[in-house]
S.K.: 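To start, I am sharing the structure in question, which I have written as structure tokens.
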Amino acid sequence: MKKHNFSAGPCILPQEVLLKASAAVMDLDNSGLSLIEISHRSAAFVEVMEKAQSLALELLGLEDKGYKALFLQGGASLQFLMVAYNLMEKKAGYLNTGTWSDKAIKEAKLFGDVVEVGSSKDKNFNYIPKGYSIPSGLDYLHVTSNNTIFGTQIKKFPKTDAPLICDMSSDIFSRQLDFSQFGLIYAGAQKNMGPAGTTLIVVKEEILGKVSRKIPSMLDYQVHIAKDSMFNTPAVFPVYTSMLTLEWLKNLGGIAAIEQVNEKKAQLIYSEIDLSPIFEGFANKEDRSTMNATFNLTDERLKQDFDAMCKEAGVVGINGHRSVGGYRASMYNALSLESVGVLVDIMSEMERKA
Ligand SMILES: *Cc1c(COP(=O)(O)O)cnc(C)c1O
């Protein structure tokens with residue numbers, strides 16, 4: 001039985017994408033060769049890379065606006081340090097909204113002064129700080145749009161003269177935003193785009209080349225831009241699969257169309273959490289994520305029953321992160337409204353039984 005996959009990442013991908021990706025592993029476009037045995041310099045793969053890059057820019061509405069898209073390796077975690085390496089001369093601002101921001105801050109401190117402009121650590125990151133002031137003279141301001149672990153999401157981004165840098169790993173391509181407000185966006189593929197192994201970076205070229213330090217080639221955005229993400233061998237399978245997902249999204253009607261589905265899914269689960277006396281949401285209501293819904297049982301004695309019912313229905317991947325406990329239902333683009341319906345039905349049946 002196909003499972004209802006609520007995993008936080010790696011996570012669900014569209015069936016259609018999995019079918020096409022597995023066919024390409026056997027034979028890429030009737031070439032008689034596998035996707036993973038051809039040269040990354042072959043015309044066939046260069047086309048894949050170019051298409052993945054141009055689809056990313058197109059879906060974000062950033063074509064012809066001075067941005068470049070890159071597919072690199074090292075995960076979002078490498079971006080924590082690459083951002084600082086390439087962009088921090090003296091001082092950068094960070095909004096601390098959880099584990100991932102914390103890790104980004106740790107790396108940035110190796111390169112200069114980090115100003116934590118706001119933090120929600122006081123309440124175990126169950127909200128998004130607001131009304132904080134942003135000092136002048138920052139090299140950039142770094143934010144995490146969606147906090148995968150705690151289930152909070154920035155709805156309104158800070159305004160600043162410094163380039164705004166965003167870790168968008170767990171909600172890229174999920175909602176409409178003015179993406180031109182960002183100087184650089186990065187996202188590990190495995191949350192909303194493809195398999196683990198590649199990271200999308202979308203960067204406005206004019207913010208680069210301003211720091212005085214020397215940058216090792218593999219960590220230098222400008223080197224990767226000059227070589228079109230082919231400075232070294234790219235992760236061919238993750239890039240190909242990401243391209244397929246972006247194509248799938250475009251055919252659905254792009255971000256505008258998927259946003260509507262994502263909102264319906266979120267409304268469905270949050271209204272159950274809010275109405276039910278046996279469940280309690282973790283994140284502050286106005287900051288709740290449309291991607292990762294975090295919640296707890298109000299009575300731990302119900303856990304065994306609830307878990308058994310989920311298992312029976314093929315609902316998987318809803319255990320909360322160890323730093324929060326409870327449950328987390330991740331509802332990325334490829335997860336259907338129907339799957340959320342299955343989980344919500346279990347939740348309401350549990351309430352009747354309790
Ligand atoms: C998962 C995640 C990361 C880490 O990604 P890796 O690709 O494993 O390095 C960073 N930031 C956010 C917001 C994430 O959800």
S.K.: Decide, yes or no, whether a salt bridge links Asp274 with Arg288 under the criterion of side-chain N to carboxylate O below 4.0 Å.
M.R.: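 Looking at Arg288 together with Asp274, the answer is yes, because their closest N to O distance falls below 4.0 Å.
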S.K.: Report the C-alpha distance between His142 and Tyr94 in whole Å, list the side-chain angles of each, state the deciding distance to 0.1 Å, and finish with yes or no for ring-ring contact (aromatic ring centres under 6.0 Å, His included).
M.R.: CA-CA 5 Å; His142 180 285; Tyr94 278 73; 4.7 Å; yes
S.K.: What closest approach, in Å, do Ala8 and Ser330 show between heavy atoms, and which atom pair accounts for it?
M.R.: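 Distance-wise, the nearest heavy atoms are CA-OG, 3.3 Å.
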S.K.: Please output the side-chain donor-acceptor pairs of residues 52-60 that fall under 3.5 Å, not counting sequence neighbours, one pair per line with the distance.
M.R.:
{"from": "Gln53", "atom 1": "NE2", "to": "Ala69", "atom 2": "O", "distance (Å)": "3.4"}
{"from": "Gln53", "atom 1": "NE2", "to": "Ser229", "atom 2": "OG", "distance (Å)": "2.8"}
{"from": "Ser54", "atom 1": "OG", "to": "Glu50", "atom 2": "O", "distance (Å)": "3.2"}
{"from": "Ser54", "atom 1": "OG", "to": "Lys51", "atom 2": "O", "distance (Å)": "3.3"}
{"from": "Glu58", "atom 1": "OE2", "to": "Lys250", "atom 2": "NZ", "distance (Å)": "3.2"}

S.K.: Under 3.5 Å, is there a donor-acceptor pair linking the side chains of Ser180 and Asp178?
M.R.: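 There is such a pair (donor and acceptor under 3.5 Å, judged by atom type) between the side chains of Ser180 and Asp178.
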S.K.: Would Phe279 and Phe306 count as a close aromatic pair, with their ring centres under 6.0 Å?
M.R.: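 Distance test on ring centres: under 6.0 Å, yes.
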S.K.: Taking the six-membered ring for Trp, are Phe157 and Phe182 closer than 6.0 Å centroid to centroid?
M.R.: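 They qualify: ring centres under 6.0 Å apart.
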S.K.: Would you call Glu16 and Lys20 a salt bridge, using N to O less than 4.0 angstrom?
M.R.: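 Salt bridge between Glu16 and Lys20, a charged N being under 4.0 Å from a carboxylate O: yes.
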S.K.: Regarding Asn292 and Thr148, do their side chains bring together a donor and an acceptor under 3.5 Å, going by distance alone?
M.R.: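 Side chains of Asn292 and Thr148: no pair found under 3.5 Å.
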S.K.: For Leu164, is there any backbone N or O sitting under 3.5 Å from a side-chain donor or acceptor partner on Gln181?
M.R.: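 Between the backbone of Leu164 and the side chain of Gln181 there is no qualifying donor-acceptor contact (under 3.5 Å).
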S.K.: Got a sec, which residues hit side-chain hydrogen bond (donor to acceptor under 3.5 Å, both in side chains) with Glu286, two or more places apart in sequence or on another chain?
M.R.: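 Scan of Glu286 (side-chain hydrogen bond (donor to acceptor under 3.5 Å, both in side chains), adjacent residues dropped) gives Lys130.
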S.K.: Indicate yes or no: at least one non-hydrogen side-chain atom of Val315 is less than 4.5 angstrom from one of Met309.
M.R.: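 Of all side-chain heavy-atom pairs linking Met309 with Val315, none is under 4.5 Å.
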S.K.: Check whether any side-chain N or O of Asn319 sits under 3.5 Å from a backbone N or O of Tyr327 as a donor-acceptor pair, and report yes or no.
M.R.: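 Not at all, since once roles are kept as given, no pair shorter than 3.5 Å links the two residues.
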S.K.: Do other residues, nucleotides or ligands put more than 12 heavy atoms under 6.0 Å from the CD atom of Glu338?
M.R.: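 For Glu338, atom CD is not crowded (no more than 12 foreign heavy atoms under 6.0 Å).
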